[in-house]
**Q** 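Here it is, the structure, as structure tokens.
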Amino acid sequence: MSRLSRKEMKRDEVLEGAARFVHLVREHGRKLVVGLGVVVVLALAGAFWLSMGQRKQTRANEALSYALQVYRAEIDVLAPRPDDPTTPTFASEQAREAAAKTAFEAVRREFGGSKVASVAAGYLADLATKAGDQETARELWEGAAPKAETALEVELWVNRLALDRTGGKSEGVLAELQAMLGDGGSTVPVVVVLDQMAETLLVLDRRGEAREIYQRILDDHPGTAYALRAGTVIPTL
């Protein structure tokens, strides 16, 4: 029997491999096609949901932007334009606040659970405060910023603390702030917590302790707006 050359052996391996591939396609072609179809469908579905998510976020941002425009709209007694989509104006503060409340409530209703909805809840809390509904305001602020991670959420959290102090809950506020400093896991910047603690101690007429906190702000956080305020307050204590 004659021996095959290396080139012939290589050629036979290629032919054999090709034959196996053809056999595989014949035997499992349908499964392969279906499998590839599933991959394509999943890829298309992922792209679709990503696109839908981006569209929803855009709509949420636009809805919040409009609500903020209403909230900050000017008062024009002579020529109010409450339905203007870009620069609405209102005949009175009451009319503006009512329209803003409606707009923010629409944002919460349609985009509940999102950051945009949390921001809307914070502004609704502000409107509730102006209307004298402290209980609703506190519930909204607390729900809007349960973790206070972003700058805006921190601002909403500070508003809730201020409301609690005004409502005679300063001891509870102080306990909350002390716990935040103690566990070290808070997302709120330490200087903000210290500033709120000093304000709370002043409300409780614990001026000496407040002075110590303000001094700590000066020592540990120089150059910040909080240090500037601390330097202004300390001489009065």
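Hydrogens, waters and symmetry mates are skipped; everything else that's a heavy atom, side chains included, is used. Start at 1 with the first residue, then count along the sequence.
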**Q** So if you build clusters from Ile, Leu, Val, Met, Phe, Trp, Tyr with side-chain heavy-atom gaps below 4.5 Å, do Leu181 and Leu218 land together?
**A** yes
**Q** Would you say the side chain of Asp220 lies within less than 4.5 Å of the side chain of Val190, judging by non-hydrogen atoms?
**A** no
**Q** What closest approach, in Å, do Ala198 and Ile213 show between heavy atoms, and which atom pair accounts for it?
**A**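 Closest approach of Ala198 to Ile213: CB-CG2, 3.8 Å.
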**Q** Testing the basics here: between Ala137 and Thr129, what is the closest heavy-atom pair and its distance to 0.1 Å?
**A** CB-OG1, 3.3 Å
**Q** Do you know which two heavy atoms are closest between Pro80 and Leu78, and how far apart they sit?
**A** CD-C, 3.6 Å
**Q** For the CD atom of Glu199 and the CG atom of Leu174, what is their distance to the nearest 0.5 Å?
**A**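 Rounded to the nearest 0.5 Å, the CD-CG separation comes to 12.5 Å.
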**Q** Flag the pair Tyr123 / Leu140 as yes when at least one side-chain heavy-atom distance between them is below 4.5 Å, and no otherwise.
**A**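 No, their side chains stay 4.5 Å or more apart.
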**Q** Just so I know, are the side chains of Val192 and Tyr226 near enough to count as touching, which here means a heavy-atom distance under 4.5 Å?
**A** yes
**Q** Is there a donor-acceptor pair closer than 3.5 Å between any side-chain N or O of Arg207 and the backbone N or O of Thr236?
**A** yes
**Q** Can you tell me how far apart CG (Leu204) and CD (Glu209) are? Round to the nearest 0.5 Å.
**A** 9.0 Å
**Q** Is it the case that the side chain of Arg96 and the backbone of Ala73 share a donor-acceptor pair, with hydrogens and angles ignored and the cut-off at 3.5 Å?
**A**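 Yes: the side chain of Arg96 pairs with the backbone of Ala73.
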**Q** Salt bridge check, Arg160 against Glu139: does any charged N sit closer than 4.0 Å to a carboxylate O?
**A** no
**Q** Closest approach of Arg108 and Ala121, non-hydrogen atoms and distance?
**A**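 So the two residues come closest at NE-CB, 3.7 Å.
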**Q** Would you call Gln134 and Leu163 a side-chain contact if the rule is heavy atoms closer than 4.5 Å?
**A** yes
**Q** Taking all heavy atoms of Ala63 and all of Phe111, pick out the closest pair and write down the distance.
**A**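 What the structure gives for the nearest pair is CB-CE1, 4.0 Å.
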**Q** Any side-chain to backbone donor/acceptor pair from Thr89 onto Arg81? Under 3.5 Å, distance only.
**A**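 Yes, Thr89 side chain to Arg81 backbone: donor-acceptor pair under 3.5 Å.
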**Q** Are the charged groups of Arg59 and Glu110 less than 4.0 angstrom apart, N to O?
**A**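 Salt bridge: yes.
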**Q** Is there a donor-acceptor pair closer than 3.5 Å between any side-chain N or O of Thr136 and the backbone N or O of Asp133?
**A**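 Checking the backbone N and O of Asp133 against the side chain of Thr136, no donor-acceptor pair under 3.5 Å is found.
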**Q** Just verifying a value: how many Å separate Thr102 OG1 and Arg109 CZ, rounded to the nearest 0.5 Å?
**A**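 Here the interatomic distance stands at 8.5 Å.
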**Q** Evaluate the criterion salt bridge (Lys or Arg N to Asp or Glu O under 4.0 Å) for residue pair Arg165 and Glu171; output intermediate values, then yes/no.
**A** CA-CA 8 Å; Arg165 284 193 293 265; Glu171 290 286 358; over 6 Å; no
**Q** If I take atom CG from residue Leu177 and atom CG from residue Leu194, how far apart are they, to the nearest 0.5 angstrom?
**A** 9.0 Å
**Q** Working note: Val119 + Leu64, criterion side-chain contact (heavy atoms from CB on, under 4.5 Å); need CA distance, chi angles, decisive distance, verdict.
**A** CA-CA 8 Å; Val119 174; Leu64 179 62; 3.9 Å; yes
**Q** Please state whether the rings of Tyr71 and Phe104 are parallel, tilted or perpendicular, taking 30° and 60° as the class boundaries.
**A** perpendicular
**Q** Any chain of hydrophobic side-chain contacts (each under 4.5 Å) joining Val191 to Val154?
**A**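 Result: yes, single cluster for both.
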**Q** Are Leu201 and Val203 joined in one hydrophobic group, where the rule is that I, L, V, M, F, W and Y side chains link up if heavy atoms are under 4.5 Å apart?
**A**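 Not linked; separate clusters.
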**Q** What do you reckon, is CD of Gln178 surrounded by more than 12 foreign heavy atoms closer than 6.0 Å?
**A** yes
**Q** Would you check if the side chain of Thr200 reaches a backbone N or O of Gln196 as a donor-acceptor pair within less than 3.5 Å?
**A**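 Yes, the answer is positive, given that a donor and an acceptor are paired below the 3.5 Å cut-off.
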**Q** Is the closest side-chain heavy-atom distance between Tyr214 and Leu202 below 4.5 Å?
**A** yes
**Q** Who pairs with Ser92 by side-chain contact (heavy atoms from CB on, under 4.5 Å), at least two apart in sequence or on another chain?
**A** Gln94, Ala95
**Q** Provide the closest heavy-atom pair for Ala227 versus His221 in the form atom of the first, atom of the second, distance.
**A** CB-O, 3.2 Å
**Q** Report whether Val116 and Leu127 are members of the same hydrophobic cluster (ILVMFWY, side-chain heavy atoms less than 4.5 Å apart, transitive linking).
**A**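 Same cluster.
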**Q** Is there a path of hydrophobic side-chain contacts, each under 4.5 Å between heavy atoms of I, L, V, M, F, W or Y residues, that connects Leu228 with Val158?
**A**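 No, no single cluster joins them.
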**Q** For side-chain contact (heavy atoms from CB on, under 4.5 Å), just list the numbers for Thr87 and Gln69, CA-CA rounded to whole Å, side-chain angles, deciding distance to a tenth of an Å, and then say yes or no.
**A** CA-CA 7 Å; Thr87 54; Gln69 287 176 334; over 6 Å; no
**Q** Between Glu212 and Arg206, does any side-chain N to carboxylate O distance fall below 4.0 Å?
**A** no
